Amino acid sequence: MSEPSQTLDGWFCLHDLRKIDWASWRNVPNDEKQSMIQEFLTMVEGWQKIEEEENGSYALYTVVGHKADIIMMNLRPSMNDLDMIENEFNKLRIADYTLQTYSYVSVVEQGNYTPPKDGSDPLDNPNMRARVYPILPKWDHICFYPMDKKREGDDNWYSLPLEKRVELMKAHGMTGRKYAGEIKQIISGSTGLDDWEWAVTLFAHDALQFKKLIYEMRFDEVSARYGEFGSFYVGNILKTENVETFLHV
Ligand code: VOV
């Protein structure tokens, strides 16, 4: 029988991708540029504070390639908070020199394919809480992409029996586990929230590990047969102390 698996849902998540309008930014007088950068950094300090208080988390990375210049990823308890974050950025003067090229709304999700047998609340488990309310690692590289599970003819993930999906996800987890310490994954669900069904956000110390993991996973039945993928966005960590250099023209 086909039935939905349970999910544990944690913080809401906004991926906000911006391109910088370098031509206009270049023409801003230096002192104004400085003050706009300071405004931006004050906002990021606010994100850091919220992270320290464990009321959310953030990641700030550059994006390599034409799709964007920066990615701001924020986790918060509610969708209203995400709205506030997006507007807070839009109201900064520096936002006038950016263009939002992509964004993605989702909620951090932990598949609960095998819920506790004693009926206890899985969120009483600190490991589970850390998975759905994660503090995003500040590792060197990010890789973000949206994905679906196929619903075509015989390849329909949603008509597979639960036991089969548990089996396939177990194999997926085994492949992922080989990359422990190399890659940290945040899976956020977005069915009904955005255009795809999940957002996959990976962090790595070595960008090559993204290619190795994702390639290896393509051979797992769950990805080979059922995975459908959107655009990939990759980049490098943008530490606050490097923002000024990054924006220097
Ligand atoms: C470090 C890499 C890594 C590891 C350890 C890992 C492990 C696990 C486990 C144990 C589980 C099941 C329970 C849960 O947590 O939900 C999942 C779940 C999931 N995954 Fe995963 N995944 C990884 C990495 C990883 C990648 C790279 C991808 C993209 C696939 C690809 O081909 O590009 C992915 C996708 C997903 C998705 C979409 C789900 C939810 C599917 C659903 O139907 O609910 N994932 N994942």
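Every value quoted in this text rests on a predicted model; they were computed, and no experiment measured them. We're numbering straight along the sequence, starting at 1. Atoms within a ligand are numbered from 1 in the order they appear, just like the ligands themselves.
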Inset, instruction - Could you tell me whether some N/O pair between Tyr179 and ligand 1 is separated by less than 3.5 angstrom? - result: no
Inset, instruction - Just jot down the ligand 1 atoms closer than 4.0 angstrom to any heavy atom of Ser223, in number order. - result: 30 (C), 31 (C), 32 (O)
Inset, instruction - May I ask you to say whether Lys164 pairs ionically with Glu167, meaning some side-chain N is under 4.0 Å from a carboxylate O? - result: yes
Inset, instruction - Under 4.0 Å, heavy atoms only, figure out whether ligand 1 is touched by the backbone of Leu213, its side chain, both or neither. - result: side chain
Inset, instruction - Taking atom types as modelled, find out whether Ser78 and Asn80 have a side-chain donor-acceptor pair closer than 3.5 angstrom. - result: no
Legend entry - Aromatic ring proximity Phe203/Trp139, centre distance under 6.0 Å: no
Inset, instruction - Give the atoms of ligand 1, by number and element, whose distance to some non-hydrogen atom of Arg177 is under 4.0 Å. - result: 5 (C)
Inset, instruction - Would you mind checking if Lys212 and Glu216 are paired as a salt bridge, meaning a charged N to carboxylate O distance below 4.0 Å? - result: no
Inset, instruction - Have a look at Val132, Ile187, Leu202 and point out the one with the heavy atom closest to atom 35 (C) of ligand 1. - result: Ile187
Legend entry - Value rounded to 0.5 Å, distance of CD1 in Ile71 from CE in Met73: 7.5 Å
Legend entry - Spacing of Asp195 atom CG and Ser190 atom OG [to the nearest 0.5 Å]: 8.5 Å
Inset, instruction - Could you tell me which atoms of ligand 1, counted from 1 in the order shown, lie closer than 4.0 angstrom to a heavy atom of Met147? - result: 29 (C), 30 (C), 38 (C)
Legend entry - Cation-pi check, Lys138 onto Tyr58 ring (under 6.0 Å, within 45° of axis): yes
Inset, instruction - Enumerate the atoms of ligand 1 whose separation from the nearest heavy atom of Lys149 is less than 4.0 angstrom. - result: 41 (C), 42 (C), 43 (O)
Inset, instruction - Measure Gln110 to ligand 1 on non-hydrogen atoms and call it side chain, backbone, both or neither using the 4.0 Å cut-off. - result: both
Inset, instruction - Pick out which of Tyr104, Trp196, Phe232 makes a ring pair (Phe, Tyr, Trp, His ring centres under 6.0 Å) with Tyr145. - result: Phe232
Legend entry - Closest candidate by heavy atom, reference atom 16 (O) of ligand 1, pool Ala180, Gly111, Cys143, Gly173: Gly111
Inset, instruction - Nearest heavy atom to atom 18 (C) of ligand 1 wins, so pick from Met174, Met169, Arg218, Gln6. - result: Met169
Legend entry - Proximal atoms of ligand 1 relative to Phe229 (non-hydrogen, under 4.0 Å): 30 (C), 31 (C), 32 (O), 33 (O)
Inset, instruction - Would you mind telling me if ligand 1 is within reach of the side chain of His172, the backbone, both or neither, using heavy atoms under 4.0 Å? - result: side chain
Inset, instruction - Identify which of Glu109, Lys170, Arg131, Met217 has a heavy atom lying nearest to atom 23 (C) of ligand 1. - result: Met217
Inset, instruction - Test side chain to side chain donor-acceptor pair (under 3.5 Å) on Glu197 and Thr191 and set out the steps. - result: CA-CA 4 Å; Glu197 294 166 352; Thr191 309; 5.3 Å; no
